[in-house]
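Just so we're on the same page: letters track the sequence lines, and every chain starts at 1. Computed from heavy atoms alone, side chains included, the values below leave out hydrogens, waters and symmetry copies.
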Protein chains: 4
Amino acid sequence: MRRLTEEVNAVSDIAIDPWLKELLRLNDEEEKMTDKQIKIVQAAVEIFSEKGFAGSSTSEIAQKAGVAEGTIFRHYKTKKELLLSIVAPMMTKLIAPFAVKDFTKVLEADYPTVEQFLRAITVNRLEFARKHFPVIKIFMHEIPFHKELREQFKETVADMVLEKAYKAIRHFQGGGQLIEIPAPTSMRLIVSSIIGLLITRFLLVPESEWDEEKEIDYTINFILHGLAPRKS
Amino acid sequence: MRRLTEEVNAVSDIAIDPWLKELLRLNDEEEKMTDKQIKIVQAAVEIFSEKGFAGSSTSEIAQKAGVAEGTIFRHYKTKKELLLSIVAPMMTKLIAPFAVKDFTKVLEADYPTVEQFLRAITVNRLEFARKHFPVIKIFMHEIPFHKELREQFKETVADMVLEKAYKAIRHFQGGGQLIEIPAPTSMRLIVSSIIGLLITRFLLVPESEWDEEKEIDYTINFILHGLAPRKS
Amino acid sequence: MRRLTEEVNAVSDIAIDPWLKELLRLNDEEEKMTDKQIKIVQAAVEIFSEKGFAGSSTSEIAQKAGVAEGTIFRHYKTKKELLLSIVAPMMTKLIAPFAVKDFTKVLEADYPTVEQFLRAITVNRLEFARKHFPVIKIFMHEIPFHKELREQFKETVADMVLEKAYKAIRHFQGGGQLIEIPAPTSMRLIVSSIIGLLITRFLLVPESEWDEEKEIDYTINFILHGLAPRKS
Amino acid sequence: MRRLTEEVNAVSDIAIDPWLKELLRLNDEEEKMTDKQIKIVQAAVEIFSEKGFAGSSTSEIAQKAGVAEGTIFRHYKTKKELLLSIVAPMMTKLIAPFAVKDFTKVLEADYPTVEQFLRAITVNRLEFARKHFPVIKIFMHEIPFHKELREQFKETVADMVLEKAYKAIRHFQGGGQLIEIPAPTSMRLIVSSIIGLLITRFLLVPESEWDEEKEIDYTINFILHGLAPRKS
DNA sequence: AATGAATGAGTGTTCATTCAT
DNA sequence: CATGAATGAACACTCATTCAT
């Protein structure tokens, strides 16, 4: 994670928590997958994201994947297990940018100003969303209905990310770059703005009407001024 | 809409677009509903919001409502019609604060500063969300899966609100209270912040840890500074 | 139970344990059954007894009953519940001849000799088996595979019958009509002989080659001599 | 078969019907079995006897046997063939005690009294049941559902045994040791008593409460007196 | 207006069996 | 000989919807 904008897999030169390595390894078992299994997952992602989990049928997935219905259940005990096998790994990837041991050092070395940090995060997550949009959509729709998802998210993701993010915020508050309001509140305001950007980009506005560079600039300036220490 | 914080129904002393009146009337047919029908709707809201539309069964709704399975279909031709009867009226209510003919006049008369306007909107929508949380949840989950919902939302709601909202933004930009960036972008940043507030309040944070007054203040100040005209 | 050979329902002039009445009542809810439900039960009995429970499919039962497959599950939550609804009541009927309060009195009044008692029991159970043969067959095949059946049988049937039967045996032993060996052993030898008779009659021998009167006589004489007190 | 209580394999010094030899040979192909095949048969016996044939799945058997699902079908074309390969040999063993050419001679030489003969048979079959209990259970449960089993049993077993058994009965009737009633009826009464003993021993009574010696004595005395020629 | 029995298409899942490796 | 991925028919069961009462 020399650069937040780089893919996690490419940053093995940096200290990574060993448990993350484990998680990533588990995730990357993609290679042991059968051809048919890969097709099943692809079909499932498409259909789940289009119709929702409960609204999709395994027979439809099998058909789109070009396999027999039984084949799905050879690889996933239940339809739900198929869902989780798609969505759970995403959570690991979600925390990737923060999955670094010496977070403060990274901040100091690579991101001296809030602006640089925010821009890195924004661009990085924008890229991430572009790449994994359908899975993210599935995830966001299903999380209210599946306890396991919710718990896994809270435990392994939210806590992990929040801790590091608060650290970053306090780091910049200490440096006089951010106003001294509660870190969770700062966090909320930053995240709202970035997620608002992502949603607008991927759900609401047709690509043709979207000037990404400019919108990123506006958003970051909005956050920077919104959270700048008040003068006088 | 003398005060945005007042209930729409209470503002009949103000000029209301006639089509809105129609919509509200349609919505208020609640009174013609039989006891059983009301129980069906209540049960449906609970179950839909808990399990999602596709994950709920009409028999479960009937059971929770204490009616026979057939009774649901006496009032609603299909399960989907039941969903729409719940969700569609909400959209009307959503646009209520903007459903005023002479919007600029209202702004000038009641909300001379951006802050006043933002605070009114925020408090008002917070109240709205508190009241209609389950239905909003249903709405947000189902909108990607139902063309009718999406279209109705775009046509009768989004457009209507956007137009008025842009007008308000330009009004305050003209008055030098807001930075001169594209109205849609300003809109996005404002709405992101407010929705982020609502989501944090209703989905993420336990009530005990939430100081509403403060969070509202932080949010409004964030927006105000974020969108303040840059000095020099 | 003035006469063991009479149907239980016909003996209301005799004291019957109240719990038995309850059981019989529950069982006789046949009257509240739909036409279709009765047909389902009939079809299920036929098919279960022909192919065994696990070897029968609900679709086959539905077809033979002339109903839609869903109809079965409207009346019985699961296939197993259908099985139990068929088999469980049989157990109650099985104990009917012993379901009398003052068993010793009945013995003294109606069956002064072992022979009379044995003959009554034999004829009565032969009649019972003739009537309920398919259900008995189902019961005997399924009891090893269903804990509920086993437990219900042990608790409500075996114990109930054994107690009374032992009483009868000791009654006749006291009167010098039976050899003084342990009641359970006597019981085993009697029951083996009678069940052997039933099985031979209903499973092994074609009706044409069977002289029922004679076989009953042989069997009862066999038991009487086998259990007669040894002379000197 | 010098002694009925001895294992069949140990009696090769006695004249054996050649067809039996063939059957035993077929059965003893156990030695040509691979390790895996033996494990499959063992697993199948356990699972079939626990859940019944129709209630067991080949995948479960494969799992318990520690082999791949396909391996079963390398050795047995179908699930049913596996069943038959387990159950059919048992039938051969069942008739073993009677599989002797010169049956009457054996009776005269080794079992001069009915009591000796009955005791030998009883002890021998009790031992047999103890050894092969699970397979016997499978056999008894499946015989009503499989024509092949039924026919094989009738043709090669029942007839074979019956013939010899009737011969034995008539032999003892001729000697004045048994009452002169039809041989099939005598047979039925004897077999009922012995099977009743076996069932009580292996299915109903916990070992702790069972005094085998005594129960055998009671049973044999019961049969002897039950079938003793009536005096005057 | 309300019921609840009935439907039959559809659900997720299991099954015995096949076959390329 | 052994594997295990793949199959597709069958399975028990659920569903939204209909309709006679």
Side-chain angles (χ1 to χ4, degrees), chain A residues 33-37 39-40 53-63 65-82, chain B residues 33-37 40 54-63 65-82, chain C residues 33-37 39-40 54-63 65-82, chain D residues 33-37 39-40 54-63 65-82:
Chain A
M33 274 178 161
T34 304
D35 265 18
K36 305 241 167 191
Q37 195 174 354
K39 285 197 171 171
I40 288 169
F53 173 73
S56 311
S57 77
T58 49
S59 78
E60 198 183 353
I61 293 170
Q63 203 181 347
V67 304
E69 214 175 335
T71 307
I72 293 177
F73 293 93
R74 191 143 283 279
H75 297 289
Y76 306 93
K77 270 201 286 289
T78 62
K79 187 187 167 197
K80 186 160 188 173
E81 199 181 291
L82 172 58
Chain B
M33 278 178 160
T34 98
D35 266 18
K36 305 242 168 192
Q37 195 174 355
I40 287 169
S56 311
S57 77
T58 50
S59 78
E60 197 185 353
I61 294 169
Q63 202 184 346
V67 305
E69 294 196 36
T71 307
I72 293 176
F73 294 91
R74 205 134 278 285
H75 297 286
Y76 307 93
K77 270 205 286 289
T78 64
K79 185 185 167 196
K80 187 160 188 172
E81 199 180 291
L82 172 58
Chain C
M33 274 178 160
T34 305
D35 264 19
K36 306 240 167 191
Q37 196 174 353
K39 285 197 171 171
I40 287 169
S56 311
S57 77
T58 50
S59 80
E60 198 184 353
I61 294 170
Q63 202 182 347
V67 305
E69 212 174 336
T71 308
I72 293 178
F73 294 93
R74 192 142 282 282
H75 297 287
Y76 306 93
K77 272 202 285 290
T78 62
K79 188 187 166 195
K80 186 160 188 173
E81 199 181 292
L82 173 57
Chain D
M33 278 177 160
T34 97
D35 265 18
K36 304 241 167 192
Q37 195 174 355
K39 285 198 170 171
I40 288 169
S56 311
S57 77
T58 50
S59 78
E60 198 185 352
I61 293 169
Q63 202 184 347
V67 305
E69 293 196 36
T71 307
I72 293 177
F73 294 91
R74 206 136 277 286
H75 297 285
Y76 308 93
K77 270 205 287 288
T78 64
K79 186 187 167 196
K80 187 159 189 172
E81 200 182 289
L82 172 58

Could you give the [atom1]-to-[atom2] distance, from [X] to [N], as a whole number of Å?
X	N	atom1	atom2	result
A/K79	E/dG10	NZ	P	15 Å
B/Q37	E/dA2	CD	P	8 Å
C/E81	F/dT14	CD	P	11 Å
D/I72	F/dC1	CD1	P	16 Å
C/Y76	E/dA5	OH	C1'	14 Å
A/I40	E/dG12	CD1	C1'	14 Å
C/L82	F/dC13	CG	C1'	13 Å
A/I61	E/dT11	CD1	C1'	12 Å

Axis-to-axis angle across the helix from E/dA2-F/dT21 to E/dT21-F/dA2, five pairs an end, to 10 degrees?
->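 It works out to 10° between the end axes.
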
A/K80 vs D/S59, nearer the 5' end of DNA chain E by closest nucleotide =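 Its nearest nucleotide lies further toward 5', so the answer is A/K80.
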
Filtered N/O pairs between nucleotides 19-21 of chain F and protein, under 3.5 Å:
none

Nearest to the side chain of [X], heavy atoms from C-beta on, is which of [options]?
X	options	result
A/T34	F/dA6, E/dT11, E/dA16	F/dA6
A/A68	E/dC15, F/dC11, F/dG8	F/dG8
B/T78	E/dT7, F/dC13, F/dT17	F/dT17

Given D/V67, which of D/R74, D/K36, D/H75 fulfils the side chain to side chain contact (heavy atoms under 4.5 Å, CB included) condition?
->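 Option passing the side chain to side chain contact (heavy atoms under 4.5 Å, CB included) with D/V67: D/K36.
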
At under 4.0 Å between heavy atoms, what does C/E69 touch on the DNA or RNA strands: base, sugar-phosphate, or nothing?
->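 Base contact.
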
Looking at every strand, decide which applies to D/T58 at a 4.0 Å heavy-atom threshold: base, sugar-phosphate, or nothing.
->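 If one applies the 4.0 Å heavy-atom cut-off, D/T58 turns out to touch a base.
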
Are [X] and [N] close enough that a side-chain N or O sits under 4.0 Å from OP1 or OP2?
X	N	result
D/K77	E/dA16	no
B/K36	E/dA2	no
A/T71	F/dT7	yes

Hey, is the main chain of D/Q37 close enough, under 3.5 Å, to the side chain of D/T34 for a donor-acceptor pair?
->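 Answer holds: yes.
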
What are the two closest non-hydrogen atoms of [X] and [Y], and how far apart are they?
X	Y	answer
A/E69	A/S59	OE2-N, 3.4 Å
B/I61	B/I72	CG2-CD1, 4.0 Å
C/G55	D/A54	N-CB, 3.8 Å

Near A/Q63 CD, under 6.0 Å, is it more than 12 heavy atoms from other residues, nucleotides or ligands?
->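 No, the 6.0 Å shell around CD holds no more than 12 heavy atoms from other groups.
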
Compare all side-chain heavy atoms of A/K79 with those of A/L82 and state whether any distance is below 4.5 angstrom.
->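 Not in contact.
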
Which sits closer to the 5' end of DNA chain F, B/S56 or C/S56, going by the nucleotide each is nearest to?
->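 Looking at the nearest nucleotide for each, C/S56 comes out on the 5' side.
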
Could you check D/H75 against A/V67 and say which one's nearest nucleotide on DNA chain F is further toward the 5' end?
->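 Mapping each residue to its closest nucleotide by heavy atoms, the 5'-most match is D/H75.
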
List in chain and number order the residues that pass side-chain contact (heavy atoms from CB on, under 4.5 Å) with C/F73, two or more places apart in sequence or in another chain; answer none if no residue qualifies.
->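 With neighbours one apart ignored, the set is C/T58.
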
